[in-house]
Amino acid sequence: MKTDSETYSALGEVGDFQQRRTRWARIRLDLAKSPMTAKFGLLVILIYVVVALFAPLIAPHGEAEVFPIPYAPWSSEFIFGTDQIGRDIFSRLIYGARNTVGIAVATTALAFIIGGILGLAAAIARGWLDQLLSRTVDVLMAIPSLIFALVLLSIFGSTVTNLIIIIAVLDSTRVFRLTRAVSINVVVMDYVEAARLRGEGLIWIMRREILPNIMPPLIAEFGLRFCFVFLTIAALSFLGVGIQPPTADWGSMVRENASLIQFAQYDIKAGLTPLLPAAAIALLTVAVNFVVDWFLHKTSGIRDEQ
């Protein structure tokens, strides 16, 4: 405490002990105040990320390593048995996290780059550019995405690159609609008009004036869109036109081991084997939705009544 009465200030005294929270401190505070569902979702996502990054170190066997015992039962050597050609299912589940989740993240990011840039450009420019982009998006959205993806993959081939580009382009239509809708409410603000009068370019206005003010709904949409892309890739792999073998993928693993369900009455573990990759898909989808719900609630400014 300051002893000089002539220079003493209560505001200064309080200010001596007040420190601005760091970004890490604010993140820890938000996590501490988050509901149990959000903490559960974050924990599941963290586990999936760790498994995807360190798959070669965690998996006991190789991704495509074949053993001479097809459909081997659960054992200490093969935790979840082997598939129809003798590959370790537990190892392929681990590698599937890297392949399925990694491709889904890359596809979602590309969809947001395409849809976000075009949506911002349409909202700012308006006129003929807005009409051209909006009508093109309406036409693409009128066609069921899964059927359209099946047709395009059948034409161009089921490579990872084609899979990412095709699904990203189809999903960018949803991102375009959302980005345009939230941007239209921002482009009419005075600070955007002031930037135009200063002679700022289109890219500068998009990056510095509009994008920071529409980030919360876009971040929430990224989580939801990731779930849809994730499920679409799994569905395409289940149908045989997604990620191709020998690359491990949860959707194709369900298809490859689906015949084991009929043996559940004789060996319950064998019957559960095709449900393991399906459970991995469902768990990640639920976890991401928990986190998105919490983020939307946090950024909306709504508070629960105690």
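The basis for the numbers below is simple: all heavy atoms, side chains too, and nothing from hydrogens, waters or symmetry mates.
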Given the rule that I, L, V, M, F, W and Y join up when any side-chain heavy atoms are under 4.5 Å apart, are [X] and [Y] in one cluster?
X	Y	value
L231	I45	yes
F90	I69	no
F230	L146	no
L236	L140	yes
I103	L284	no

Atom pairs and distances, donor-acceptor, side-chain atoms in residues 181-192, under 3.5 Å, two or more places apart:
{"residue": "S183", "atom": "OG", "partner": "T179", "partner atom": "O", "Å": "2.6"}
{"residue": "Y191", "atom": "OH", "partner": "N213", "partner atom": "ND2", "Å": "3.4"}

So do the side chains of [X] and [Y] get within less than 4.5 Å of each other, counting heavy atoms only?
X	Y	answer
I89	M253	yes
S172	L118	no
P277	R92	no
I114	V175	no
F226	V101	yes
S145	R174	yes
I124	R196	yes
P35	F40	no

Next item on the list: Start with the C-alpha gap between D249 and S237, add the side-chain angles, then the distance that decides, and say whether side-chain hydrogen bond (donor to acceptor under 3.5 Å, both in side chains) holds.
Entry: CA-CA 7 Å; D249 171 72; S237 298; 2.7 Å; yes
Margin query: Between L120 and I214, is the side-chain contact (heavy atoms from CB on, under 4.5 Å) condition met? List the steps.
Written below: CA-CA 10 Å; L120 285 170; I214 63 173; 3.8 Å; yes
Out of curiosity, [X] [atom1] to [Y] [atom2], how far, rounded to the nearest 0.5 Å?
X	Y	atom1	atom2	result
F80	T273	CZ	OG1	8.5 Å
F112	I117	CZ	CD1	12.5 Å
T285	F228	OG1	CZ	10.0 Å
I261	L275	CD1	CG	5.0 Å
T37	L42	OG1	CG	9.5 Å
I164	T108	CD1	OG1	10.0 Å

Give me the atom names and distance for the closest heavy-atom approach of [X] to [Y].
X	Y	result
V254	A278	CG2-N, 3.8 Å
L178	P217	CD2-O, 4.0 Å
C227	N289	SG-ND2, 3.6 Å
I281	G251	CD1-N, 4.3 Å
L260	P274	CB-CD, 4.1 Å
L129	A121	CD2-O, 4.1 Å

Looking at [X], I'd like to know if its [atom1] atom is crowded, meaning that more than 12 non-hydrogen atoms belonging to other residues, nucleotides or ligands lie closer than 6.0 Å.
X	atom1	result
F67	CZ	yes
R255	CZ	yes
Y71	OH	yes

With distance as the sole test, does [X] use its side chain to make a donor-acceptor pair with the main-chain N or O of [Y] at under 3.5 Å?
X	Y	answer
T82	A72	yes
N162	S158	no
Y95	G62	no
S134	Q131	no
W250	L93	yes
E63	A248	yes

Next item on the list: Determine the interplanar angle of the F78 and H61 rings, folded into 0 to 90°, and report it as parallel if under 30°, tilted if 30 to 60°, perpendicular if over 60°.
Entry: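 Answer is tilted, since the angle falls between 30° and 60°.
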Next item on the list: Under the salt bridge (Lys or Arg N to Asp or Glu O under 4.0 Å) rule, what do D138 and R135 come out as? Steps first, then yes or no, please.
Entry: CA-CA 5 Å; D138 290 342; R135 300 295 78 80; 3.0 Å; yes
May I have the list of side-chain donor-acceptor pairs in residues 238-246 shorter than 3.5 Å, sequence neighbours left out?
{"residue": "Q244", "atom": "NE2", "partner": "G240", "partner atom": "O", "Å": "3.2"}
{"residue": "Q244", "atom": "NE2", "partner": "G242", "partner atom": "O", "Å": "2.9"}

Margin query: What verdict does the side-chain contact (heavy atoms from CB on, under 4.5 Å) test give for I167 and L170, after you've listed the backbone C-alpha separation in whole Å, the side-chain angles of each residue and the deciding distance to 0.1 Å?
Written below: CA-CA 5 Å; I167 299 180; L170 295 180; 5.8 Å; no
Next item on the list: Check the pair M141, R177 against side-chain contact (heavy atoms from CB on, under 4.5 Å), reporting the backbone distance first and the verdict last.
Entry: CA-CA 10 Å; M141 293 185 66; R177 293 291 294 271; 3.7 Å; yes
Notebook entry, point to check: Can F290 and K39 be said to form a side-chain contact (heavy atoms from CB on, under 4.5 Å), step by step?
Noted result: CA-CA 9 Å; F290 279 158; K39 293 177 181 176; over 6 Å; no
